[in-house]
Amino acid sequence: MALFRELVEAAEAAGRVSGRKEKVRILSEFLGRLSPEEASIAARFLAGHVFPEYDNRELGVGYSLVREALKVLDQKPLFLVEPQPPAITEVYRLLERIAGVSGEGSREKKLKLLEGLFSRLSRKEVEYLLRILFGEVRIGASTGLLLEAISRLSGVPYGDVLHAYMVLSDVGDVAFKALESPAALGKVDVSLFHPVKPMLADMAYNVDELFQEHGSPLHLEYKYDGLRVQIHMGRGKVRVFSRRLSDITEYVPDVVERAVEGLHVEEAVVDGEAVAVIGGAPVPFQELLRRVRRKNEREDFLKSLPFELHLFDVIYLNGKSLVREPYSTRSRLLREIVVSEEILAKKTVAYTRQEALEFYESAVRSGNEGVMSKRHSSVYKPGIRGSDWLKLKSFDTIDCVIIAAEWGHGRRSGWLSDYHLGVYDEESGRFLSVGKTFKGLSDAEFEEMTKRLLQLKVREEGYVVYVKPEIVVEVDYSEIQRSKRYPSGFALRFARIRRIRFDKSPYEVTTLRELRERYLRSIRAKRWSPQ
DNA sequence: TGTGTCTGCCCC
DNA sequence: ATTCTGC
DNA sequence: GCAGAATGGGCAGACACA
C-alpha cells in the first residue's frame with residue numbers, strides 16, 4: 001500500500017534533477033513498485049490529471065475554493081494523535097467523492113472534504129496535491145517522460161507504449177496495462193467509442209515553408225475556425241468527442257445528423273471540424289462558442305446557429321484501424337464512404353506557389369482561418385504535433401502601447417511578463433485596453449522590458465503594475481472580438497508582440513476608431529452582424 | 001427572482 | 001490556443 | 001525536434017447570496 005507521501009517524494013526527486021534520463025529512472029522505479037491500480041492513479045497524478053482524459057467528471061475545485069480550504073492549515077490541529085497519512089488510492093477516492101457532490105450546498109461539502117484531506121497532509125504534500133489539481137505538477141516531466149518510464153519498467157518498447165497511449169488516450173490506463181499484462185500493451189489499437197487523441201499540426205508562416213517541408217505538390221485543405229470533432233459511428237450509435245476528448249454528443253445533434261446522413265458506412269471513426277454557418281459564411285468563433293457546452297437547448301436556437309461538418313480524415317473503418325495507413329489512403333477511403341463532397345473539408349492539390357497562394361487567399365476571403373498542408377505519405381499520429389501537418393493561418397497587425405504589466409510566475413518570476421495593450425481613444429484622449437499578451441519576447445527581452453517598465457511605474461495593485469503609456473509594440477492577432485471585459489469594447493484573439501517600436505510615440509498607436517472599423521470590416525466579410 | 005462569482009485537463 | 005527554451 | 005512551462009479571450013452552467 002503506497003502512501004501519497006511516497007508519490008510526493010518521487011515527484012520531488014524527479015523535479016530536482018535536470019536530466020531527462022534521470023527523471024525517467026526515478027519515475028520508473030517509483031511506478032514499478034506499485035500495484036497496477038496505484039500505478040494508474042499515480043501516473044495520472046504525475047501528469048497533472050485526476051481522472052482519465054476521456055472521463056467527463058469534473059472536480060469543481062478551483063483557486064477560490066482552495067484558498068478557503070487552505071485556512072484549515074493555519075488553525076491548530078484538532079487531532080490528539082497524529083492523523084494517518086493517506087495512501088495514494090485514498091487520496092484518489094476522496095477526489096472522486098469531491099467530484100461527485102453537486103447541487104445546493106455542494107460548495108460547502110466540497111470545502112469540508114478538501115479541508116479533511118488537507119489536514120491529513122504535510123505542507124509539502126498539500127502543495128503537490130494542489131499542483132495535481134491545477135494540472136501544473138511542473139517537475140520537468142509530463143506525459144511524455146511518464147511513457148518512457150512505463151516503457152522502462154515494463155520492458156515494452158517505447159514505440160508500443162506510445163501507440164498504446166495514443167489509442168487509449170490515458171496515461172493511467174497505459175500504466176495499469178504495463179504492470180498487469182505488458183504483452184497486451186503492444187496489441188491495443190483504435191476501437192469504436194473509445195476516443196483517440198486527435199493529431200495536431202505545426203505552425204507555418206508562409207507558403208514557401210509548406211513547399212520546403214512537404215515538397216510539390218501540396219495537399220491543401222481549408223482550415224475552418226470551429227470545433228474539432230471526432231465522430232464514432234456504428235452499431236446504431238453515434239458519439240462525438242471534442243479535441244480534449246470530452247463527449248459532446250448531446251451538444252451537437254445537428255453534427256450527428258449530418259454525419260449519419262452524409263456517411264454510408266457500417267462502422268467508422270472520422271475526424272473533422274464543425275463550424276457554425278449562416279448564409280453560407282462561417283460565423284465568428286465567439287458566436288459559435290455560444291453553442292459549446294450549452295444544454296437543453298431549444299430547437300430554434302440550434303437552427304439559428306447551425307453547425308456544418310467538414311471531415312478530413314478517417315482513422316477506423318469497419319473493424320480496422322487506419323492510423324498506420326498513409327494520408328493518401330485514408331483520404332481516398334474517406335471519399336469513398338461519403339455521400340457527397342459537401343461534408344468534406346475543401347481541398348486542392350497545388351503544384352505551384354501561385355496555386356497554393358490562391359487557395360489560401362480563397363480560404364481566408366471566405367471567412368476561414370487559413371489552410372492545412374498534409375504530407376501525403378504520413379500516418380495518423382494521435383496526439384502528436386509535428387511537421388506532417390502544417391497550418392498556415394492569417395493574421396493582422398496593429399500598434400499598441402503598453403499600459404500595465406503583470407508579475408510572472410515560475411520561470412518568469414521576477415519579470416514583468418504579461419502586458420496590457422492599449423489603443424488610443426481620440427474621444428476621451430485615453431488609452432483603452434484591448435487585452436493582454438505574454439508572447440513574442442525572449443527571456444533577455446523580458447529582462448530588459450521589466451527594467452524599462454519599472455521606470456515608468458505609476459502604481460501597483462496586486463500583481464499588476466500600471467505604467468505611463470510610453471512603450472509602443474507592434475502586435476499580431478488573428479481576430480478582433482467584441483469584449484465585455486475590456487474598456488475598449490474589443491479584445492484581440494491570439495495577440496503576440498511582433499516587435500518593439502522604439503521609433504513610435506504612444507500617440508501614433510492604432511486608434512479605437514480604426515480598430516472598430518477593422519472589426520466591422522471583418523464581420524462584414526463573414527456576412528455576419530451582431531444580434 | 002435576479003445578479004455576481006467561480007469553474008472548466010472548456011473551446012479556441 | 002501560441003510562444004520560447006532546455007535537452 | 002520534442003516536451004514542458006507560462007500564459008491569452010470568451011462562453012455556459014452551477015452555485016451562492018441578496
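Convention: sequence-line order gives letters A, B, ...; per-chain numbering from 1. Not measured: the values here are computed from a predicted model.
- With respect to the salt-bridge test (charged N to carboxylate O, under 4.0 angstrom), the residues D396(A) and R521(A) do not qualify.
- K223(A) comes within contact range of no nucleotide atom at all, as no heavy-atom separation falls under 4.0 Å.
- In this structure, H409(A) atom NE2 and dA5(D) atom P are separated by 16 Å, rounded to whole Å.
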- Taking Watson-Crick and G-U wobble contacts under 3.5 angstrom, with | marking pairs to another strand and [ ] crossing pairs, the secondary structure of DNA chain D is written ||||||||||||||||||
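- One finds no side-chain N or O of R412(A) lying less than 4.0 angstrom from the OP1 or OP2 phosphate oxygen of dT7(D).
- Atom-to-atom, CZ of R411(A) to P of dT3(C) comes out at 16 Å; the value is rounded to the nearest Å.
- In textbook terms, a nucleotide whose glycosidic angle is within 90° of 0 is syn, while dC11(D), being further out, is anti.
- Listed by chain and number, the residues in a side chain to side chain contact (heavy atoms under 4.5 Å, CB included) with V91(A) are F4(A), F45(A), P86(A), L95(A), L117(A), L129(A) (sequence neighbours excluded).
- Applying the side chain to side chain donor-acceptor pair (under 3.5 Å) rule to R412(A) yields no partners; only residues at least two apart in sequence or on another chain are considered.
- Nucleotides dG10(D) and dT5(B) have their C1' atoms positioned 16 Å apart, rounded to a whole Å.
- Rounded to an integer number of Å, the gap from L162(A) CG to dG1(D) P is 17 Å.
- L65(A) comes within 4.0 angstrom of the backbone, heavy atoms only, and of no base.
- Residue S478(A) has no polar side-chain atom (N or O) positioned under 4.0 Å from OP1 or OP2 of dA1(C).
- Nucleic acid contact class of G48(A) (heavy atoms, under 4.0 Å, all strands): none.
- Heavy-atom distances under 4.0 Å link DNA chain D to A491(A), L492(A), F494(A) of residues 489-499 of chain A, given in residue order.
- Here R228(A) lies in heavy-atom contact (under 4.0 Å) with sugar-phosphate atoms only.
- If you check every strand for non-hydrogen atoms under 4.0 Å, A141(A) touches sugar and phosphate atoms only.
- If you find the closest nucleotide of DNA chain D to G140(A) and to L289(A), the one lying nearer the 5' end belongs to G140(A).
- Distances from the side chain of D443(A) to the nucleotides dA1(C), dG4(D), dT5(C) place dT5(C) closest.
- Looking at heavy-atom distances under 4.0 Å, V50(A) makes no contact with the nucleic acid at all.
- Residues passing the side chain to side chain donor-acceptor pair (under 3.5 Å) test with R291(A), sequence neighbours excluded: D254(A).
- At the heavy-atom level, F307(A) lies nowhere under 4.0 Å from the strands shown.
- Residues meeting the side chain to side chain contact (heavy atoms under 4.5 Å, CB included) test with E447(A), sequence neighbours left out: W415(A).
- Remark: F490(A) CZ to L512(A) CG distance equals 6.5 Å, nearest 0.5 Å.
- Note on K110(A) versus E58(A): no salt bridge recorded, every NZ/NE/NH1/NH2 to OD/OE distance being 4.0 Å or above.
- Taking only side-chain atoms of S442(A), from C-beta outward, the nucleotide of dC15(D), dC4(C), dG13(D) with the closest atom is dC4(C).
- A distance of about 22 Å separates the P atoms of dA5(D) and dC12(B), rounded to the whole Å.
- Residue L145(A) is classed as a sugar-phosphate contact, given heavy-atom separations below 4.0 Å to backbone atoms only.
- When the side-chain nitrogen and oxygen atoms of S417(A) are compared with OP1 and OP2 of dT7(D), one or more of them lie within a distance under 4.0 Å.
- Among the atoms of the strands shown, none is found under 4.0 Å from any heavy atom of E136(A).
- Among residues at least two apart or in separate chains, salt bridge (Lys or Arg N to Asp or Glu O under 4.0 Å) pairs with a member in residues 143-154 of chain A are R20(A)-E148(A).
- Within the 4.0 angstrom heavy-atom criterion, no nucleotide atom of any strand lies near I384(A).
- Every residue was checked against the salt bridge (charged side-chain N to carboxylate O under 4.0 Å, His left out) condition with K71(A), not counting sequence neighbours, and none meets it.
- Between atom CD1 of residue I497(A) and atom CD1 of residue I402(A) there is a gap of 5.0 Å, rounded to the nearest 0.5 Å.
- Taking only side-chain nitrogens and oxygens, K295(A) comes nearer than 4.0 Å to OP1 or OP2 of dA14(D).
- Among residues two or more places apart in sequence or in another chain, the side chain to side chain contact (heavy atoms under 4.5 Å, CB included) test is passed with V364(A) by Y360(A), S394(A).
- When the P atom is used for both dA14(D) and dC11(B), the distance is 15 Å, rounded to whole Å.
- At distances below 3.5 Å, at least one donor-acceptor pair connects side-chain atoms of Q286(A) with backbone N or O atoms of R482(A).
- Here G226(A) lies in heavy-atom contact (under 4.0 Å) with sugar-phosphate atoms only.
- Within the 4.0 angstrom heavy-atom criterion, no nucleotide atom of any strand lies near K110(A).
- Y63(A) comes within contact range of the sugar-phosphate backbone alone, with a heavy-atom separation under 4.0 Å but no base atom that close.
- Not a single ring-ring contact (aromatic ring centres under 6.0 Å, His included) links F494(A) to another residue, sequence neighbours left out.
- Taking 4.0 Å as the cutoff to heavy atoms of chain A, we find the contact window on DNA chain B bounded by dC6(B) to dC12(B).
- Each of E213(A) and F301(A) lies near DNA chain D, and the nucleotide nearest E213(A) is the one positioned closer to the 5' end.
- dC6(B) and dC4(C) have their P atoms separated by 32 Å, with the value rounded to a whole Å.
- Remark: C1' of dG13(D) and CG of N56(A) are 14 Å apart, rounded to the nearest angstrom.
- Using a 4.0 Å heavy-atom cutoff across all strands shown, G135(A) reaches no nucleic acid atom at all.
- Taking 4.0 Å as the cut-off between side-chain N and carboxylate O, D173(A) and R44(A) count as a salt-bridged pair.
- We find that CD1 of I248(A) is positioned 14 Å from C1' of dA12(D), with the value rounded to whole Å.
- A sub-4.0 Å separation between OP1 or OP2 of dC7(C) and a side-chain N or O of K21(A) is absent.
- Under 4.0 angstrom from either OP1 or OP2 of dG13(D) there lies no side-chain N or O belonging to R293(A).
- Going from atom CZ of F285(A) over to atom P of dC11(D) covers 10 Å, rounded to whole Å.
- The phosphate of dG9(D) (OP1 or OP2) has no side-chain N or O of Q286(A) nearer than 4.0 angstrom.
- By the 4.0 Å N-to-carboxylate-O rule, R499(A) lies too far from E445(A) to be salt-bridged with it.
- Rounded to a whole Å, the CZ atom of F395(A) is 13 Å from the C1' atom of dT2(C).
- At whole-Å resolution of the value, OH in Y251(A) and P in dC11(D) are 17 Å apart.
- Contact between the side-chain N/O atoms of K439(A) and the OP1/OP2 oxygens of dT7(D) is not found at any separation under 4.0 Å.
- Here Y251(A) pairs with nothing under the side chain to side chain donor-acceptor pair (under 3.5 Å) rule; sequence neighbours left out.
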